[in-house]
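Quick notes on the structure that follows.
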Amino acid sequence: QSACENDGQCFQDSPECPKRFICACHLCFYGNRCQFSTSEFGLSLDAILAYHIIVDLNLLHQTTIVKISFLFTILFVVLGMTNGILSLITFKNKRVCDVGCGIYLFGSSLTTVLTMFMFGLKYFVYLLTQMSTLSNETFLEIQCYLLDFLLRICLNMDQWLNACVAIERVTTVIQGARFNKKK
């Protein structure tokens, strides 16, 4: 199915060739092959960048929004990894881990490093795939399921660890001087 083209733009049901090209995507899906979904709980990379990435062009020739997103991703990954590594160094201290709160914060630091690594990897794989640089279908299918799953697990685990820190701190405040660190 080819779309009617006029000066490089496609028109659905144009007077020159009506009904040769129709939108057949289900609700919440879009893209040439209905491969993108907007039904997730937040904005996906597909929803933000899909129509801005130009196929078969390197990064220097991409649109401004792609270059800006690339710079922001590098900035976020570097700052996030630095934060996570410094937190790991801080909470690795034995004295800090005397109470469970330190152990939870050490785990949260570890999940922060993993989350930032997977976020960066996901972004770069997505960008390379959309620019048609990366095309190994087996790798792409595995990373699609694995990276998304691991990224969500790390994000949820980090939230649970922070909730554990909050619960322990509330317990410490409620028990006051009777708080037993060994328990």
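Proximity of Leu127 to Val66: side-chain heavy atoms (C-beta onward) are separated by under 4.5 Å at one or more points. Between Lys122 and Asp148, the closest side-chain pair of non-hydrogen atoms falls below 4.5 Å.
With side-chain heavy atoms closer than 4.5 Å counting as contact, directly or through intermediates, the hydrophobic cluster containing Val170 also holds Ile174.
In this pair, Phe70 and Phe124 present their aromatic rings perpendicular. The plane angle is above 60°, beyond the 30 to 60° band.
Remark: the backbone N or O of Asp158 is paired with a side-chain donor or acceptor of Asn162 at under 3.5 angstrom. Remark: side-chain polar atoms of Thr112 are paired, donor with acceptor, to backbone N or O of Ser108 under 3.5 angstrom.
Follow the hydrophobic side-chain contacts under 4.5 Å out from Phe117 and you reach Phe76 in the same cluster. No path of Ile, Leu, Val, Met, Phe, Trp and Tyr side chains, each step under 4.5 Å between heavy atoms, connects Tyr104 with Val173, placing them in separate hydrophobic clusters. Follow the hydrophobic side-chain contacts under 4.5 Å out from Val165 and you never reach Ile167; the two are in separate clusters.
The 12-atom threshold is not exceeded at NZ of Lys92, counting heavy atoms of other residues, nucleotides or ligands nearer than 6.0 Å. Dense packing is recorded around CE of Met81, with more than 12 heavy atoms of other residues, nucleotides or ligands lying under 6.0 Å away.
Judged as a side chain to side chain contact (heavy atoms under 4.5 Å, CB included), and not counting sequence neighbours, the contacts of Leu140 are Val125, Thr129, Leu134, Gln143.
Put simply, CD1 on Ile103 and CG on Leu161 are 11.0 Å apart, with the number rounded to the nearest 0.5 Å. From Thr73, atom OG1 reaches atom CE of Met116 across 8.5 Å, with rounding to the nearest 0.5 Å. Here the CG atom belonging to Leu150 is positioned 11.0 Å from the CG atom belonging to Leu155, to the nearest 0.5 angstrom. Atoms CG and CZ, on Leu114 and Phe119 in that order, are 15.0 Å from each other to the nearest 0.5 Å. Between atom CG of residue Leu110 and atom CG of residue Leu105 there is a gap of 12.5 Å, rounded to the nearest 0.5 Å. For the atom pair CG (Asn156) and CG (Leu151), the distance works out to 10.0 Å, reported to the nearest 0.5 Å.
Of all heavy-atom pairs spanning Ser109 and Gly84, the tightest one is CB-O, 3.9 Å. Of all the heavy atoms in Glu168 and Cys101, the pair that sits closest is OE1-N, 2.8 Å. Shortest non-hydrogen contact noted between Cys154 and Thr115 is CB-OG1, 3.1 Å. Closest non-hydrogen pair, Gly102 versus Phe91, comes out as O-CB, 4.1 Å.
Pairs passing the ring-ring contact (aromatic ring centres under 6.0 Å, His included) check and including a residue from residues 142-167, sequence neighbours excluded, do not occur.
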